[in-house]
Amino acid sequence: MKNFLFVSAENDALANCKAGGMADVVRDVPRQLAAAGDQVHVVVPAYNRLHKKGRFITQLKIRIQGQETVAEIYEVAPKTHYNGITHYVIHHPQIVEGNIAHIYNDDPEEPFFTDAVKYFIFNTAVAQAVKQNIFDHVDIAHLHDWHTALLVFHRAFNPAYEVLRQTHFVYSIHNLSLQGIRPLRDNYASVEAFFPEIPYDYHKVSDTRYPDCINLMAVGIRLCDQVHTVSPSYMQDIMKPSNKPEFIGGEGLEHDLIAAHQQGRLHGILNGVNYANMRVAQKGKLYTNILKQIYRWIQEESKKYKADILANTGEKVVELLDNPPSFIASSVARMTEQKFYFFKRNPLALKTILEKLKANNAIFILLGTGEPEYEVLMREISYQHSNFIFINGQSEDIIDSIYLESDLYFMPSLFEPCGISQMLAMRNGVLCLVHHTGGLIDTVQDGVDGFAFKGESINETINNMVTAFDRCLSVFNEDKTTWKKMRKKAKAARFSWEDSVNEYYAKLYTY
């Protein structure tokens, strides 16, 4: 039996601790490990809220900014209990709640300023918890994205945490484009401001493009024992240089990734999804669930500035109760460049798709929150098109209904490390239309169990996206036999966590 420690910024095993697909992975992989007989501890920041109903364990005295401070660790209850898994959160006044999914902060003037502060403190507290044996002896620590890479910085350079050298470290890259780049010095949210006594190796932590900065994503790649991308195709993509916007590759870290691959440390293993013990939506409740959630949101103080869009959305949904559409296209995603760059680059493309849908008595439902410029764009287009329902919020009930009741799930991602949404839609027999990139290549077969588009240039890709929508509608309207066969194949596709975790054991957890 192995004793695992999962360290992450998100964990969907806990209520209100999810911003993206990483939270699903951190929820699901421990369950698979525990089912195999291993012990798993999962720790995330408390964000000044998640600890409030938890059980206080102990104080963690840590040294930051040249002086001692105290963090606290709590055991917290998950949404569903599984034997062999214990969940923790770490509280400190500077580990603040964010304005993105109540987790991350958007700092336009100095990117990662606030997040660097809270994850510097969080990782140091986790190191101290390991030192105090809170998790028993940790055989394998599994870190997720740049937010947790400072833990191996401590392992490599901080004499106070030599205990970490007894542990095998695995690093998962969920999104290489977010790298946690901060100054090394001369800034409050810098390495030397927080850890002035630690003698680090400049060449192992510095960013190749900004030599006066630390690149925390690079730290994880360079210093962990094994490195993992969340799909095989994404691993191949990021070992090539980026050529924006046509191709998003290694984003300056391709040489580090090639080196890790040559050393046998880099592996591409596809994420999985659950096919048992999952939340099951009730058929026919999509519009009811939307209206219920809108009513709740309108009453929230923090949502008052959205009252106009919520009312606009509610009006449209009420109309659908009496006049249901013939076809539902949908997307669930964070409002970011990664997910919706094509729409921002060419809003006319989305408007053209909406007109095509309208001509077929069809609607497009988009649910998500994220970057303000993308939220504003979607709101404005939703005002102009009666068949575009933009739900600017998060709701598990609505999301589950979307995955169940849509006819077509749309993922126009500029790049996609893996993508879980397409797997969740396919699990319900919903066909997907995807940009053939990254993990979407590994999961959706064009013309077999879904539809795909690509292009040699960004404009060609966008044009092909619009054309592909035509093809989807044509098959749905004119070739029901093919549509049903494709749906059957989509529902039969299997991307199981059991298979993925078996690869983890073979490639990541062996030492």
Side-chain angles (χ1 to χ4, degrees), residues 279-298 306 308-333 343 350-368 378-412 421-422 424-433 450-451 466 468-488 490-491:
R279 279 174 57 100
V280 179
Q282 186 178 345
K283 192 79 172 176
K285 294 291 185 181
L286 173 59
Y287 306 132
T288 303
N289 285 339
I290 294 172
L291 291 171
K292 282 181 178 178
Q293 188 60 60
I294 285 174
Y295 183 74
R296 294 188 195 107
W297 281 333
I298 287 175
K306 293 179 182 174
D308 57 338
I309 181 62
L310 294 175
N312 174 269
T313 302
E315 260 184 52
K316 294 176 180 178
V317 176
V318 169
E319 177 66 22
L320 294 172
L321 291 172
D322 291 327
N323 300 291
S326 304
F327 183 93
I328 300 173
S330 65
S331 293
V332 175
F343 293 167
L350 174 56
K351 294 175 182 180
T352 301
I353 287 170
L354 291 170
E355 290 299 325
K356 291 175 186 294
L357 288 169
K358 188 173 184 179
N360 286 271
N361 187 33
I363 63 171
F364 179 33
I365 300 175
L366 171 59
L367 181 146
M378 298 309 174
R379 280 194 209 127
E380 289 176 349
I381 295 177
S382 76
Y383 293 145
Q384 300 164 9
H385 295 266
S386 60
N387 65 330
F388 181 29
I389 298 171
F390 176 43
I391 304 168
N392 192 194
Q394 294 291 339
S395 164
E396 281 192 86
D397 289 337
I398 298 175
I399 291 169
D400 288 344
S401 289
I402 284 173
Y403 286 136
L404 181 66
E405 299 195 43
S406 298
D407 295 292
L408 184 73
Y409 191 82
F410 186 27
M411 286 186 73
S421 295
Q422 80 279 15
L424 298 175
M426 292 170 74
R427 186 175 68 180
N428 286 325
V430 175
L431 297 183
C432 298
L433 170 61
F451 302 91
V466 176
F469 231 103
D470 278 341
R471 184 158 63 102
C472 296
L473 289 170
S474 177
V475 175
F476 178 81
N477 289 324
E478 300 167 20
D479 193 350
K480 295 291 188 186
T481 301
T482 296
W483 188 270
K484 287 178 181 177
K485 284 181 180 177
M486 291 176 68
R487 284 195 60 184
K488 190 174 180 180
K491 192 165 188 174

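Counting begins at 1 with the first residue of the sequence.
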Grab the two heavy atoms, one from Leu354 and one from His385, that are nearest each other, plus how far apart they are. CD1-CG, 3.7 Å
Can you list the steps and then say if Phe476 with Leu408 is a side chain to side chain contact (heavy atoms under 4.5 Å, CB included)? CA-CA 10 Å; Phe476 178 81; Leu408 184 73; over 6 Å; no
Using the salt bridge (Lys or Arg N to Asp or Glu O under 4.0 Å) criterion, which residues pair with Glu396? Sequence neighbours excluded. Lys79, Arg279
For the CG atom of Leu473 and the CG atom of Leu357, what is their distance to the nearest 0.5 Å? 5.5 Å
Please identify each residue that fulfils salt bridge (Lys or Arg N to Asp or Glu O under 4.0 Å) with Lys485, with sequence neighbours left out. none
So CD1 of Ile290 and OG of Ser401: to nearest 0.5 Å the spacing works out to 8.0 Å
So how far is it from Phe469 CZ to Ser474 OG, rounded to the nearest 0.5 Å? 13.5 Å
For Thr313, what residues pass the side-chain contact (heavy atoms from CB on, under 4.5 Å) criterion, not counting sequence neighbours? Ile294, Ile309, Val317, Ile389, Ile391
Using every non-hydrogen atom in the two residues, find where Gly429 and Arg487 come nearest and quote the distance to one decimal. O-NE, 2.7 Å
With sequence neighbours left out, what residues match Leu404 under side-chain contact (heavy atoms from CB on, under 4.5 Å)? Ala281, Lys283, Asn428
Looking only at heavy atoms, the pair that brings Ser421 and Met411 closest together is CB-SD, 4.1 Å
Can you establish whether the number of heavy atoms outside Glu315 located under 6.0 Å from its atom CD is more than 12? no
Of all heavy-atom pairs between Glu405 and Lys285, which one has the smallest distance, and what is that distance? OE2-N, 3.0 Å
Could you tell me whether the side chain of Ile398 reaches within less than 4.5 Å of the side chain of Lys292, counting heavy atoms only? no
Tyr383 meets the side chain to side chain donor-acceptor pair (under 3.5 Å) criterion, sequence neighbours left out, with Asp308
Tell me, with the steps shown, if Leu367 and Gln394 meet side chain to side chain contact (heavy atoms under 4.5 Å, CB included). CA-CA 7 Å; Leu367 181 146; Gln394 294 291 339; 3.9 Å; yes
Using a 4.5 Å cut-off on heavy atoms from C-beta on, say whether the side chain of Tyr409 contacts that of Leu424. no
Report the residues that fulfil side chain to side chain donor-acceptor pair (under 3.5 Å) with Lys356, sequence neighbours left out, ordered by chain and then residue number. Asp470
Below 30° counts as parallel, above 60° as perpendicular, anything between as tilted: where do the rings of Phe343 and Phe410 land? tilted
Does Ala490 have any side-chain contact (heavy atoms from CB on, under 4.5 Å) partners at least two apart in sequence or in another chain, and if so, which? Met426, Leu431, Asp449
Name all residues meeting the salt bridge (Lys or Arg N to Asp or Glu O under 4.0 Å) criterion together with Arg471; count only those two or more places apart in sequence or in a different chain, and write none if there are none. Asp446
Consider side chain to side chain contact (heavy atoms under 4.5 Å, CB included). Of Ile363, Ile365, Asn387, Leu291, which one does Leu320 pass it with? Ile363
Ignoring hydrogens, what is the shortest heavy-atom contact between Ala468 and Leu433? Give both atom names and the distance. CB-CD1, 3.7 Å
Could I get the full list of side chain to side chain donor-acceptor pair (under 3.5 Å) partners for Thr482, not counting sequence neighbours? Asp479
Can you name the residues that form a ring-ring contact (aromatic ring centres under 6.0 Å, His included) with Tyr287, not counting sequence neighbours? none
Could you pull out all residues at least two apart from Asn323 that satisfy side chain to side chain donor-acceptor pair (under 3.5 Å)? Glu319
From Gln293 atom CD to Ile298 atom CD1, the distance as rounded to the nearest 0.5 Å: 10.5 Å
With a 3.5 Å distance limit and no angle check, can you tell me whether Lys316 reaches the backbone of Phe388 through a side-chain donor-acceptor pair? yes
Does a side chain donor of either Ser330 or Tyr403 reach within less than 3.5 Å of an acceptor in the other side chain? no
Tell me every residue that passes ring-ring contact (aromatic ring centres under 6.0 Å, His included) with Phe390, counting only those two or more places apart in sequence or in another chain. none
